[in-house]
**Q** 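Following this message is one structure expressed as structure tokens.
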Amino acid sequence: MAGLYLHIPFCKQACHYCDFHFSTSLGLKSRLVEAVVREIELRRDYLGPDVTLKTIYFGGGTPSLLTAGELDQIFTAIHRHFPVAPEAEITLEANPDDLSAAKLQELRAASVNRLSVGLQSFYEPHLRMMNRAHTAEESTTAVRRAQDAGFENISIDLIYGVPAPGHHIWEADMANAFALGVPHVSAYALTIEPGTAFGHRLQKGTFKAAPDEFVATQFEMLLAAMRAHGYEQYEISNFCRPGRESRHNGNYWRGVPYLGLGPSAHSYDGHNRQFTLANNPQYVAAVLERGEVPVTLDALTATDRANEYLLTTLRTARGCDLGHLRTHLGLDLLATRAPYLAELQANGWARLHHEVLTLTDAGKLLADHITLELFETAD
């Protein structure tokens, strides 16, 4: 199994919390699509011979800004250079304001079979605070329109921990999300990153982030509401109806190789990572004018691979197999960190069963801290 990720680095406007690579200038979009098509050819052997793609994921940025012609160019190139499984999961991230009836028909015709819709909130003031391009009404109508167009496999994004006087807005956001009946929900805490609009305002003192206790309470509310509505938490930020996981993202957490295309995209061949240059003009020039993909190799040490396995698996409901970590990756936490593992269990933060370590609800609130404590620091 292997996956293909395509980074489409264009947005109508900049969300105040976003630190992904993107541009609000669309003038280079057609040339960048040409470059992605060329990169598909240049890197067709990255995943090895006879690899069949089981997942394709258009992320960004805002991939729903691609025209039907641009999508056709990309898919034609993919099918020319890769076998694609008939049952492949093909996801495209979309903003609600892009999902007109005509756009949805274009996406269906292009063989997209899963939509990830960036709703973030159903509360108009929060959408304006975050500088989202869509309205609260569009948050609902876009999903309904997609369902009417035949899209059943839909994921929606929500953001919690947005500063507010209480929790009633978050409660209403969740209620509106459940009313849509989608099989998958991704929910993320609002994080203030340096270099973003919120980050600059935080430095100036014109923006105040919600207290940690406020965010933790909303996370706990999320877990309870998801369970009550029949959703499984298969990863800390991801919830689905039984059997409706994101196969593409699940591959990341299981360490499955994937090829990332476009500026800022990451790739993983099972041993090492590569990072593509996060600069649109320089990426286009390198690929189209010189036939080169501007990537930086990140050679993973044995310690890196062990820590990555720990980081990704501990976030999932399956947990971290400490036996696999010892036997295949050389990190024996059962021997070296026995007191800390005992402390995690005594505090109710984790469970250890048949050498598989899983976080409890309380432990999920401390996931980053726990992971850092367990990391191996020397090769």
Side-chain angles (χ1 to χ4, degrees), residues 1-9 20 36-37 39-41 43-64 66 70-94 107-118 146 150-157 182-186 232 234-262 264-276 308-309 312-313 315-318:
M1 182 180 293
L4 189 67
Y5 173 82
L6 302 101
H7 189 78
I8 309 301
F20 293 159
V36 168
V37 167
E39 188 185 358
I40 292 171
E41 179 184 5
R43 305 188 72 192
R44 63 186 180 274
D45 297 325
Y46 177 81
L47 293 171
D50 304 320
V51 168
T52 298
L53 297 179
K54 296 292 186 69
T55 66
I56 300 172
Y57 194 103
F58 289 80
T62 312
S64 51
L66 292 172
E70 290 165 343
L71 274 172
D72 182 63
Q73 284 180 263
I74 294 171
F75 276 115
T76 297
I78 291 172
H79 286 283
R80 182 182 300 128
H81 296 291
F82 293 98
V84 178
E87 74 283 3
E89 175 191 87
I90 303 176
T91 303
L92 183 135
E93 293 181 352
L107 296 177
R108 281 182 60 80
S111 73
V112 172
N113 55 32
R114 184 175 184 270
L115 293 177
S116 178
V117 188
F151 283 98
E152 184 276 331
N153 198 359
I154 298 174
S155 177
I156 60 174
D157 287 355
V182 296
H184 192 283
V185 179
S186 297
E232 299 172 348
Y234 69 99
E235 193 271 344
I236 285 181
S237 300
N238 288 275
F239 305 81
C240 67
R241 300 287 192 190
R244 304 307 299 274
E245 297 182 12
S246 164
R247 286 157 50 194
H248 184 85
N249 289 337
N251 287 345
Y252 291 155
W253 303 319
R254 286 190 284 272
V256 174
Y258 62 92
L259 171 60
L261 304 169
S264 82
H266 296 180
S267 300
Y268 177 62
D269 65 3
H271 303 283
N272 298 301
R273 297 198 179 279
Q274 289 184 357
F275 305 85
T276 307
E308 284 203 3
Y309 177 82
T312 55
T313 58
R315 292 182 59 88
T316 69
R318 293 182 178 89

**Q** Any non-hydrogen side-chain atom of Asn249 less than 4.5 Å from a side-chain atom of His184?
**A** no
**Q** Might you point out which heavy atoms bring His7 and Tyr5 nearest each other, and give the distance in Å?
**A** ND1-OH, 2.9 Å
**Q** Is Arg114 close to His248 at the side-chain level, that is, under 4.5 Å between some pair of heavy atoms?
**A** no
**Q** Can you tell me how far CG of Asn272 sits from OG of Ser267, rounded to the nearest 0.5 angstrom?
**A** 11.5 Å
**Q** Side chains of Asn238 and Trp253: closer than 4.5 Å at any heavy-atom pair?
**A** yes
**Q** For residues Leu66 and Ile74, determine if any side-chain heavy atom of one lies less than 4.5 Å from a side-chain heavy atom of the other.
**A** yes
**Q** Ignoring hydrogens, what is the shortest heavy-atom contact between Asn113 and Ala88? Give both atom names and the distance.
**A** ND2-O, 2.9 Å
**Q** Could you give all pairs that pass the salt bridge (Lys or Arg N to Asp or Glu O under 4.0 Å) test and reach residues 81-90, with sequence neighbours left out?
**A** none
**Q** Working to the nearest 0.5 Å, report the span between CG of Asp45 and CG of Leu259.
**A** 10.5 Å
**Q** Test: salt bridge (Lys or Arg N to Asp or Glu O under 4.0 Å). Region: residues 234-246. Which pairs qualify, not counting sequence neighbours?
**A** Glu152-Arg244, Glu235-Arg315, Glu245-Arg318
**Q** Scan residues 72-94 for pairs that pass ring-ring contact (aromatic ring centres under 6.0 Å, His included), counting only residues two or more places apart or in two chains.
**A** Phe58-Phe75
**Q** Does Thr316 reach the main-chain N or O of Thr313 with its side chain, forming a donor-acceptor pair under 3.5 Å?
**A** yes
**Q** Indicate the atoms forming the closest heavy-atom contact of Ala2 with Leu47, along with that distance.
**A** CB-CD1, 3.9 Å
**Q** Considering residues at least two apart in sequence or located in another chain, which fulfil the side-chain contact (heavy atoms from CB on, under 4.5 Å) criterion with Ala94?
**A** Ser64, Leu92, Leu99
**Q** Considering only heavy atoms from C-beta outward, does the side chain of Cys240 approach that of Tyr234 to under 4.5 Å?
**A** yes
**Q** Starting at CG of Leu4, measure out to CG of Leu261 and round the result to the nearest 0.5 Å.
**A** 5.0 Å
**Q** Please name all residues satisfying side-chain contact (heavy atoms from CB on, under 4.5 Å) with Glu93, sequence neighbours left out, ordered by chain then number.
**A** Tyr57, Pro63, Ser116
**Q** Taking all atoms of both residues into account, what is the closest heavy-atom pair of Ser155 and Ser186, and its distance?
**A** OG-OG, 3.9 Å
**Q** For residues 265-276, which residue pairs pass the salt bridge (Lys or Arg N to Asp or Glu O under 4.0 Å) check, not counting sequence neighbours?
**A** Arg273-Glu308
**Q** Any chance you could measure Ile90, atom CD1, to Thr55, atom OG1, to the nearest 0.5 Å?
**A** 9.5 Å
**Q** Considering non-hydrogen atoms only, spot the tightest contact between Ala265 and Gly260 and give its length.
**A** CB-C, 3.6 Å
**Q** Can you tell which of Phe275, Tyr258, Tyr252 makes a ring pair (Phe, Tyr, Trp, His ring centres under 6.0 Å) with His266?
**A** Phe275
**Q** What's the shortest heavy-atom distance between Pro183 and Ile154, and which atoms?
**A** CD-O, 3.2 Å
**Q** Rounded to the nearest 0.5 Å, how far does OG1 of Thr276 lie from CD of Glu39?
**A** 5.5 Å
**Q** Side-chain contact, heavy-atom cut-off 4.5 Å: Leu6 with Ile56?
**A** yes
**Q** Is there a side-chain contact between Leu71 and Leu107 (heavy atoms, below 4.5 Å)?
**A** yes
